[in-house]
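Both counts, for ligands and for their atoms, begin at 1 and track the order of listing.
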Amino acid sequence: MSRNKKNGLQPETEAIRTQIPRSEFQEHSAPLYLTSSFVFDDAEDMRASFAEEKERNIYSRYSNPNTSEWIDKVCKMEGAEDGFAFASGMAAVFSTFAALLESGDHIVSSRSVFGSTHTLFTQFFPKWNIQHSYFQPDRLEDIPALIGPNTKMLYAETPTNPGVDVLDLEALGKIARDHGILLVIDNCFATPYLQQPIRFGADLVIHSGTKLMDGQGRVLAGITVGSRELIDRVYRFSRITGPALSPFNAWLLSKSMETLAVRVDRQCENALKVAEFLSAHPKVNWVKYPFLKSHPAHALAVKQMKAGGCVVAFEVAGGVEGGRRFFDQIQLLSLSANLGDSRSIVTHPASTTHSKLSPEQRQASGITDGMVRISVGLEHPADILADLEQALKAV
Ligand SMILES: *Cc1c(COP(=O)(O)O)cnc(C)c1O
């Protein structure tokens, strides 16, 4: 789809210079194609288009120029051949599974997955006879014993939410290859700027575009990228079932990709400052951030990621009560469940995003009652630290 004659450009440049062909008006910035359908020249054009003898836009449930531009950018950054864009991250997760799995199939997944993905595995897939087994994110050696003859897919997120554990992508890629199963990675926390799982052997990569890709808390979006053959199967399922991304949201996201690298660089810089500040604070029991030397998988994080991401996890002293006082005292930062926004956000996973898990499941996912997740934004770091400092005084 790209007009530019170029190859071997850096990802930052691809995110800016990948653009759909200009219209007759020679606009510099890609216009918004807010249209549900497209027209044909004549009967033969229409027949050939529907017969898929031509690659062209027919209907925006199948494809749209704005959506294609965003997909093209993510594919170039991830090193993927093709992709499909969805109305939300969860639409991408669900449609990818639904397109590739049959009744009777089995998934082996990291236990630390996004809350709604966990609910999909435990409450909805059983009705289509799709089973799952969980492994602990720090025990990849347990995976081979969980793989059976009907296992089709190995699934993981890294860094994980909200515990920011880091899983070894190269080791996961090798396990999947050795057993002839697909490796699917939700790369939402890292973005394709910080980490490209396909380089380590992933077959498909999923993102919620709602987080750092939009980066300003405006739109919901999702995307799955990978080989042409696998994406074709995801596309054939999705063009019929209708989880397509709105062209308006795709247009916004494609613009947001142009600033992804600078935003993420600054957010990671700020997050490291927050992590270092909290590590030295007497009212904080522990801090986890992939690029802190104290992180159990620090060396691995440095190997597979360009920087540590925008999420820091920590535990305030004083258990549930300490946590409550901390949250009630926060003034600048937002109390919200979103992440990856330009505004810093604090969340209490045990009472919000992960409240549907049983206490045992929360413990298995490393979520303690006093745990706080901060998604560090783009405010001046001195202001972020000052708000945390005054809130910790109340603990
Ligand atoms: C937010 C999120 C999702 C779901 O994305 P939505 O756009 O909210 O549907 C999936 N995976 C991870 C890791 C997420 O953080």
Apply side chain to side chain contact (heavy atoms under 4.5 Å, CB included) to Ser256 and list each qualifying residue two or more places apart in sequence or on a separate chain. Asp214, Gln216, Arg218, Arg263
Residues two or more places apart in sequence or in another chain: which of them pass side chain to side chain contact (heavy atoms under 4.5 Å, CB included) with Ala386? none
Using only atom types and a distance under 3.5 Å, with no angle test, would you say the side chain of Asp45 pairs donor to acceptor with the backbone of Asp41? yes
When rounded to the nearest 0.5 Å, the distance separating CG of Asn187 from CE of Met77 is 10.5 Å
Which ILVMFWY residues can you reach from Leu172 by hopping between side chains whose heavy atoms are under 4.5 Å apart? Val108, Phe135, Leu140, Ile143, Leu146, Ile147, Leu154, Leu167, Leu169, Ile175, Ile181, Leu183, Ile185, Phe200
How far apart are the closest heavy atoms of Gly226 and Ile198, and which atoms are they? CA-CD1, 4.4 Å
For ligand 1, what are the residues with a heavy-atom contact below 4.0 Å? Ser88, Gly89, Met90, Phe114, Glu157, Asp186, Cys188, Phe189, Ser208, Thr210, Lys211, Ala221
